[in-house]
Amino acid sequence: VQLQASGGGLVQPGGSLKLSCAASGFTWDHHAIAWFRQVPGKEREWVSCIGSGVDTTSYADSVKGRFTGSRDNAKNTVYLEMNNLKPEDTGVYYCAASNNLSKPPRPCNKDYGMDYWGKGTQVTVSS
């Protein structure tokens with residue numbers, strides 16, 4: 001199983017970045033992909049969940065209206081387009097996979113709902 005996040009970098013406030021998460025080694029159609037972020041010394045924070053069905057994308061209130069998640073099933077890849085970035089968006093961004101078919105259903109916005117994790121990509125928003 002592999003989840004590889006990429007696309008992070010240094011950007012000025014108000015700028016944009018697009019993160020990618022390429023996955024392999026598990027049944028893609030059965031998994032939602034979530035994004036989390038973490039700053040040293042703070043708890044990991046859920047950012048977005050991109051489900052495998054139609055209209056199944058959700059966002060944390062802190063990023064709603066600025067971040068957009070999408071999914072390319074042909075490439076087993078999800079994206080997180082981040083616009084109007086703020087310094088508080090700084091952190092290591094992780095993508096993780098959650099099995100849609102689990103019984104009982106696992107939450108896509110909680111750490112414990114994830115089956116697989118990838119290594120993170122650093123996003124720094126600073127002038």
Side-chain angles (χ1 to χ4, degrees):
V1 173
Q2 188 171 13
L3 286 162
Q4 183 62 55
S6 61
L10 172 63
V11 63
Q12 292 186 343
S16 299
L17 282 174
K18 187 173 183 178
L19 305 184
S20 300
C21 175
S24 62
F26 59 89
T27 307
W28 175 254
D29 292 345
H30 294 173
H31 288 76
I33 305 297
W35 289 96
F36 292 80
R37 64 188 181 190
Q38 190 167 25
V39 176
K42 293 189 177 180
E43 289 189 358
R44 189 155 46 193
E45 175 190 17
W46 172 71
V47 175
S48 176
C49 181
I50 303 163
S52 56
V54 176
D55 294 330
T56 56
T57 303
S58 55
Y59 304 94
D61 288 343
S62 58
V63 306
K64 200 171 292 183
R66 300 187 296 121
F67 289 14
T68 302
S70 61
R71 184 174 178 124
D72 185 338
N73 292 327
K75 297 182 178 179
N76 283 18
T77 300
V78 298
Y79 303 97
L80 186 68
E81 185 163 2
M82 307 185 295
N83 296 315
N84 191 19
L85 282 161
K86 303 176 181 180
E88 51 264 41
D89 294 319
T90 294
V92 178
Y93 282 67
Y94 299 90
C95 57
S98 176
N99 193 326
N100 289 333
L101 304 182
S102 296
K103 299 294 182 185
R106 294 182 186 175
C108 192
N109 61 350
K110 302 291 184 185
D111 288 23
Y112 60 81
M114 301 298 113
D115 297 288
Y116 311 115
W117 289 87
K119 294 182 180 179
T121 185
Q122 175 72 45
V123 171
T124 303
V125 185
S126 175
S127 54

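Computed from a predicted structure; not experimentally measured. Along the sequence shown, residues carry numbers from 1.
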_Can you tell me which residue among Thr68, Val123, Val47, Leu17 is in a side chain to side chain contact (heavy atoms under 4.5 Å, CB included) with Leu80?_
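One option only clears the test, and that one is Val47.
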
Given Phe67, which of Asn84, Asn83, Leu85 fulfils the side chain to side chain contact (heavy atoms under 4.5 Å, CB included) condition?
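With Phe67 as partner, side chain to side chain contact (heavy atoms under 4.5 Å, CB included) holds for just one option, Leu85.
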
Could you check whether Arg37 makes a cation-pi contact with Trp46, meaning its NZ or CZ is under 6.0 Å from the centre of the six-membered ring and within 45° of the ring axis?
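No, a cation-pi geometry is absent between Arg37 and Trp46.
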
| request: Tell me whether the guanidinium CZ or amine NZ of Lys18 lies under 6.0 angstrom from the six-membered ring centre of Tyr79 and within 45° of its axis. | output: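 Positive - Lys18 is close enough to the ring of Tyr79 and near enough to its axis.
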
Treat each ILVMFWY residue as a node, draw an edge where side-chain heavy atoms are under 4.5 Å apart, and state whether [X] and [Y] are in one component.
{"X": "Ile50", "Y": "Val63", "value": "yes"}
{"X": "Leu19", "Y": "Leu3", "value": "yes"}
{"X": "Val92", "Y": "Phe36", "value": "yes"}

Backbone N/O of [Y] and side chain of [X]: donor-acceptor pair under 3.5 Å:
{"X": "Thr77", "Y": "Ala22", "result": "no"}
{"X": "Tyr93", "Y": "Ala5", "result": "no"}
{"X": "Ser48", "Y": "Ser58", "result": "yes"}

Nearest heavy atoms of [X] and [Y], plus distance in Å:
{"X": "Arg44", "Y": "Gln38", "result": "N-NE2, 3.7 Å"}
{"X": "Pro107", "Y": "Tyr112", "result": "CG-CE1, 3.5 Å"}
{"X": "Ile33", "Y": "Cys95", "result": "CG2-CB, 4.2 Å"}

Any side-chain heavy atom of [X] sitting closer than 4.5 Å to one from [Y]?
{"X": "Cys49", "Y": "Asn109", "answer": "no"}
{"X": "Gln12", "Y": "Val125", "answer": "no"}
{"X": "Ser102", "Y": "Asn100", "answer": "no"}
{"X": "Pro87", "Y": "Pro13", "answer": "yes"}
{"X": "Gln4", "Y": "Ser24", "answer": "no"}
{"X": "Leu10", "Y": "Ser126", "answer": "yes"}
{"X": "Trp28", "Y": "Arg71", "answer": "yes"}
{"X": "Ser52", "Y": "Asp29", "answer": "no"}

From Glu81 CD over to Arg66 CZ, what is the distance, rounded to the nearest 0.5 angstrom?
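The distance works out to 13.0 Å.
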
Handout entry: SG-CG distance between Cys108 and Asn99, expressed to the nearest 0.5 angstrom
Key =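 So the gap between those two atoms works out to 11.0 Å.
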
task = Look at the rings of Trp117 and Tyr94 and say which category their plane angle falls in: under 30° parallel, 30 to 60° tilted, over 60° perpendicular.
result =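 Because their plane-to-plane angle is over 60°, the rings of Trp117 and Tyr94 count as perpendicular.
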
With a sphere of 6.0 Å drawn around CD of Glu88, does it hold more than 12 non-hydrogen atoms of other residues, nucleotides or ligands?
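Yes.
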
* Aromatic contact, Tyr116 with Phe26 (centres under 6.0 Å) ->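 Yes, ring centres under 6.0 Å apart.
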
Show the numbers, then the answer: is there a salt bridge (Lys or Arg N to Asp or Glu O under 4.0 Å) between Asp89 and Lys86? CA-CA 5 Å; Asp89 294 319; Lys86 303 176 181 180; over 6 Å; no

